[in-house]
There are 2 protein chains.
Amino acid sequence: MSDAPASTGHADPDRQPIWSRPERGSRGPAPAHSRDAIVAAAIALADAEGLAAVSMRAVAAALGTGAGSLYRYLTSRDDLLDLMTDRAVGELRPYPQVEGDWLETMVLLGRRQLALFGTHPWLLDVIHRPSGIGPEGLAWFDNCIRVLEPVRCPVAAKFEAIAMMTGVVSLFARRESAAGAFSFAGLDLAAHPHLVAAFSQPSGPAPRANLVERTLRSLLSGLLITESTEVG
Amino acid sequence: MSDAPASTGHADPDRQPIWSRPERGSRGPAPAHSRDAIVAAAIALADAEGLAAVSMRAVAAALGTGAGSLYRYLTSRDDLLDLMTDRAVGELRPYPQVEGDWLETMVLLGRRQLALFGTHPWLLDVIHRPSGIGPEGLAWFDNCIRVLEPVRCPVAAKFEAIAMMTGVVSLFARRESAAGAFSFAGLDLAAHPHLVAAFSQPSGPAPRANLVERTLRSLLSGLLITESTEVG
DNA sequence: TGTAAACTGCGAACGTCGTTTGCAGTTATT
DNA sequence: AATAACTGCAAACGACGTTCGCAGTTTACA
């Protein structure tokens with residue numbers, strides 16, 4: 001035992017973000033696992049049983065080890081969630097070539113995002129945490145900025161528009177995964193005349209497709225085009 | 001002890017929603033607390049220290065009792081969250097009178113929602129759970145349908161539009177409460193030329209106000225007006 | 001080559017959480 | 001008076017994220 005050990009081998013409060021931390025040092029035996037294997041196991045669990053099933057114990061069990069062992073590779077569960085998110089965002093590659101209108105390209109990117117939320121529904125529970133962006137997220141962001149290059153407006157507006165696009169896509173994704181979940185059980189529906197009147201009205205045509213596209217188009221053009229004409 | 005007790009006094013798996021459950025039975029001593037007092041204490045805690053601070057133990061301590069005692073009034077923490085949400089939604093009253101354009105009234109309702117998210121930021125963490133709507137939520141919904149009465153489109157489209165409005169407002173609210181939180185720490189920014197080019201560009205005018213209003217206007221008119229002309 | 005430092009895995013524990021349980025006491029019904 | 005339905009509460013349960021200590025392994029350097 002040493003009097004003043006430089007490191008206990010465990011987490012200290014202020015560490016660099018995981019993106020710049022090396023996977024392992026230069027000494028000691030080869031690790032039995034890898035960040036990638038852990039993240040893959042966690043994503044498989046989340047895809048199959050939801051984010052709540054991604055406990056340190058469950059992920060560790062999927063790799064045949066104990067929960068505490070994972071902390072040789074990660075500093076916290078949040079780290080794991082960040083890694084999962086960035087890896088999923090990486091599935092947005094390859095980015096489509098820019099051809100024709102930038103708006104159409106952005107809408108295409110939005111549809112890609114929507115599809116990603118479909119294959120990894122747990123992303124909806126994870127993206128709202130305040131957390132540093134990862135390298136794949138940064139690359140996606142860079143790509144969006146590239147697509148928006150011909151648009152003449154402040155950078156801040158482009159940032160806002162990209163964030164809002166992601167947000168709106170997440171709203172649509174949530175609607176699809178929830179699928180009209182909310183019920184009126186136990187409530188006095190009759191006390192709300194406008195609601196019952198609306199329900200008794202002929203339902204009209206079914207909600208059309210391409211709603212996401214149209215929404216994104218009007219949102220992005222509203223945020224980016226009419227931008228330069230008015231200054232508050 | 002009875003052989004076949006009709007009720008243990010505790011939660012059974014399939015219960016009616018809390019909205020239709022009476023606060024107390026007709027026998028036994030008067031309860032020391034009330035649903036309202038519990039919900040008020042929980043909201044005070046959430047307003048002050050965030051939703052994570054709303055643990056059963058903390059709420060109980062604020063009322064001078066133990067965690068287990070709360071289960072005489074609620075069946076679960078989710079119940080408490082539902083009650084908190086509905087009570088907060090009740091603060092949207094009184095609803096503004098409908099005067100003039102329905103679109104302007106809806107935008108006004110959206111601004112009210114945004115303000116509510118400002119006074120109760122924890123609502124952002126709570127609204128995404130799949131959960132039954134409460135009486136105040138139902139009343140707010142009814143009011144929106146009333147405002148949208150002059151709009152001639154299927155009811156489902158109105159429902160979608162209201163949900164999307166709430167969602168977009170929540171996105172704006174989240175942006176305001178997060179305040180540009182995401183950092184590029186530990187990432188190789190230089191490897192993304194479009195980003196650095198965008199940053200080196202003159203920043204232009206600051207993002208204007210009334211962005212929420214303009215977004216809501218284009219969103220709602222896009223979802224409700226151009227609706228009837230095209231059917232997918 | 002020997003030794004110390006830096007690493008490895010792992011089992012056991014800590015504190016917190018939501019929730020359940022058992023029990024003693026209180027009130028309304030019959 | 002007796003019974004059934006309620007009340008509050010302390011203690012416990014199981015699961016969670018995380019920490020700790022220890023024994024063993026590999027590398028760097030004298």
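Chain identifiers are assigned alphabetically (A, B, ...) following the order of the sequence lines, protein sequences preceding nucleic acid strands; residue numbering begins at 1 within each chain. Computed from heavy atoms alone, side chains included, the values below leave out hydrogens, waters and symmetry copies.
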Distances for protein N/O vs nucleotides 11-18 of chain D N/O pairs under 3.5 angstrom?
unit_1, atom_1, unit_2, atom_2, d
D/dG17, OP1, A/Arg77, NE, 2.9
D/dG17, OP2, A/Met56, N, 2.9
D/dG17, N7, A/Arg57, NH1, 2.7
D/dG17, O6, A/Arg57, NH2, 2.9
D/dT18, OP2, A/Tyr71, OH, 2.8
D/dT18, OP2, A/Arg77, N, 2.7
D/dT18, O5', A/Tyr71, OH, 3.3

If you restrict it to nitrogen or oxygen atoms, what contacts under 3.5 Å exist between nucleotides 25-27 of chain D and the protein, and what is each distance?
unit_1, atom_1, unit_2, atom_2, d
D/dT27, O3', A/Ser26, O, 3.3

Original post:
Hey, is the side chain of A/Thr65 poking within less than 4.0 Å of OP1 or OP2 on C/dG9, counting only N and O atoms?
Top reply: no

Original post:
Expressed in angstrom and rounded to an integer, what is the separation of A/Glu23 atom CD from C/dC7 atom C1'?
Top reply: 15 Å

Original post:
salt bridge (charged side-chain N to carboxylate O under 4.0 Å, His left out) between A/Glu213 and A/Arg111: does it pass, once the steps are laid out?
Top reply: CA-CA 8 Å; A/Glu213 280 90 338; A/Arg111 271 203 272 119; 2.7 Å; yes

Original post:
Rounded to the nearest 0.5 Å, how far does CG of B/Leu224 lie from CG of B/Leu220?
Top reply: 6.0 Å

Original post:
Using 30° and 60° as the class limits, which term best fits the ring planes of B/His128 and A/His128: parallel, tilted or perpendicular?
Top reply: parallel

Subject >> Check: B/Gln16 side chain, A/Gly186 main-chain N or O, donor-acceptor pair, under 3.5 Å >> reply: no

**OP:** Take atom CG of A/Leu74 and atom P of D/dT19, then tell me their distance rounded to the nearest Å.
**Re:** 12 Å

**OP:** With the side chain counted from C-beta on, respond yes when B/Pro96 and B/Arg112 share a heavy-atom pair under 4.5 Å apart, and no when they do not.
**Re:** yes

Original post:
Can you name the ring pair (Phe, Tyr, Trp, His ring centres under 6.0 Å) partners of B/His194, sequence neighbours left out?
Top reply: none

**OP:** Determine: side-chain N/O of A/Tyr73 to OP1/OP2 of C/dG9, distance under 4.0 Å, yes or no.
**Re:** yes

Original post:
Quick one: B/Arg72 CZ to C/dT26 C1', roughly how many Å, whole number?
Top reply: 12 Å

**OP:** Examine distances only and state if a side-chain atom of B/Asp82 and a backbone atom of B/Gly134 form a donor-acceptor pair shorter than 3.5 Å.
**Re:** no

Original post:
Atom NE2 of A/His33 to atom P of C/dT8: distance rounded to whole Å?
Top reply: 12 Å

Subject >> N-O pairing of A/Asp79 and A/Arg21 below 4.0 Å >> reply: yes

**OP:** In whole angstrom, give the distance that lies between atom CG of A/Leu70 and atom C1' of C/dG11.
**Re:** 14 Å

